[in-house]
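Residue numbers run from 1 in the order of the sequence given. Predicted model, so just to flag it, every value in this text is computed and none were measured. In each ligand, atom 1 is the first atom listed, and ligand 1 is the first ligand listed.
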Amino acid sequence: MEKKLYGITPSGEEVFQFTLENENALVTLLSRGATLDKLIVADKNGVKKDVLLGFDDLEGHMTRSDYQGVAVGPFANRIAGGRLNINGKEYILPPNEKGRNLLHSGGLYTEAVWNGEFEGDNKVVFKRHFMDMEGGFPGNTDVEISYTLEDDGTVLMEYKAVSDSDMYFNLTNHAYFNLSGFDGGDILNHKLKVNADGFLPVDEYSIPTGEIMSVAGTPFDFREFKEIGKEIEADFEQLRFTGGYDHCFCLKDADKGYRLAASVIDENSGLALDVFTDLPGVQFYAGNFLKGTIGKGNKPMNKRCGFCLETQYYPDSPNKPQFPSCFVMAGESFYTKSAYRVYKA
Ligand code: BGC
């Protein structure tokens with residue numbers, strides 16, 4: 001366990017880096033963005049690999065980020081038109097994508113510097129108070145995001161929020177993985193399995209249409225392990241709209257609570273990733289928009305050199321009454337948990 005000063009933001013806020021380590025993994029976390037910064041595991045040859053894309057310094061996180069490793073909230077992914085209707089009152093949040101959608105809440109949780117503390121010997125808790133209308137969202141809100149490094153190397157992420165306003169909460173982590181290491185080339189040979197029979201088709205602006213499409217017979221069928229690259233270039237409208245996989249999968253057993261959502265295997269390193277969650281969806285994003293910005297080790301993060309599995313409620317669900325609701329009443333506690341476990345397959 002170690003806590004050290006990582007950097008100071010231009011507005012003078014101190015950002016700390018926290019380290020948790022056991023015999024299976026080493027994790028570093030940053031208080032800016034409640035960020036999962038590094039996850040280092042030994043591969044099949046015993047070589048220690050950092051399997052997360054990211055940056056070596058605060059400046060990288062602040063100026064070149066595509067949300068590498070950060071916490072996203074209060075509402076992850078997109079809200080159509082930035083329109084949030086709460087009990088008949090409409091909040092219009094300034095769109096930050098294509099002049100029309102709100103993506104990742106405009107970076108509200110991501111760009112915040114959180115108060116971090118160790119709890120016990122394997123957990124870091126990040127806390128932040130958000131004022132009513134901060135970032136355009138209603139409610140004085142207390143949020144807690146914690147990371148626990150479990151004995152088997154699992155990184156458990158817990159999210160809590162309580163607000164004095166009714167609100168929609170959808171918090172996630174946006175880590176990009178490459179199981180061959182952050183400098184391991186593209187992830188097209190990684191094999192993915194998702195515990196989902198359906199996914200959410202989107203319009204050309206990446207807003208879910210509101211339907212659920214069966215994965216059967218489509219490039220979105222990951223019910224058995226399949227290489228990410230196998231059909232990513234298929235002539236299929238949903239892939240054309242988004243330039244590769246960038247969709248929410250509707251996880252099975254939504255009523256069963258915490259369960260395995262998705263797994264990935266990389267034969268090159270012999271490492272596997274399991275993703276667990278109690279949430280109904282997982283956004284599989286194949287890193288299609290990465291365009292060579294410089295990251296860890298001064299290496300460019302090129303298109304599809306990392307993938308994300310962002311556990312979440314469905315995108316734009318506040319505007320889609322048929323989707324599972326993440327509406328939380330004032331004073332009620334919001335709580336969810338998800339985990340990443342990287343291990344030798
Ligand atoms: C979105 C992508 C977006 C990426 C980085 C993902 O969650 O689905 O469309 O490019 O985040 O912002």
- request: Going by heavy-atom distance to atom 3 (C) of ligand 1, choose the closest among H247, Q283, R78.
  value: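 Selected option, by shortest heavy-atom distance: R78.
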Just checking [X] against [Y], ring centres under 6.0 Å apart?
X	Y	value
Y168	F75	no
Y340	F177	yes
F284	H247	no

Which residue owns the protein heavy atom closest to [atom], what's the atom, and how far is it?
atom	answer
atom 6 (C) of ligand 1	H174 NE2, 3.3 Å
atom 10 (O) of ligand 1	F289 CD1, 3.1 Å
atom 8 (O) of ligand 1	D246 OD1, 2.5 Å
atom 12 (O) of ligand 1	Y67 CD1, 3.3 Å
atom 7 (O) of ligand 1	E310 OE1, 2.6 Å

- prompt: So which of F327, F334, Y313 actually passes ring pair (Phe, Tyr, Trp, His ring centres under 6.0 Å) with F169?
  reply: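 Single ring pair (Phe, Tyr, Trp, His ring centres under 6.0 Å) partner of F169 among F327, F334, Y313: F334.
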Is the ring pair [X]/[Y] parallel, tilted or perpendicular, if the boundaries are 30 and 60 degrees?
X	Y	answer
F220	Y245	perpendicular
F55	H61	perpendicular
Y109	F130	parallel

message: So if I count the atoms of ligand 1 from 1 in the order they appear, which ones are less than 4.0 Å from some heavy atom of H104?
response: 6 (C), 7 (O), 11 (O), 12 (O)
query: Near Y176, which atoms of ligand 1 are under 4.0 Å from a heavy atom of that residue?
result: 5 (C)
- prompt: Backbone or side chain, does any N or O of E97 fall under 3.5 Å from an N or O of ligand 1?
  reply: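 N/O-N/O distance below 3.5 Å does not exist for this pair.
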Using a 4.0 Å heavy-atom cut-off, which part of [X] comes near ligand 1: side chain, backbone, both, or neither?
X	value
L103	side chain
Y245	neither
N288	neither

field: Member of N173, T35, T28, N122 meeting the side-chain hydrogen bond (donor to acceptor under 3.5 Å, both in side chains) criterion with Y147
entry: N173
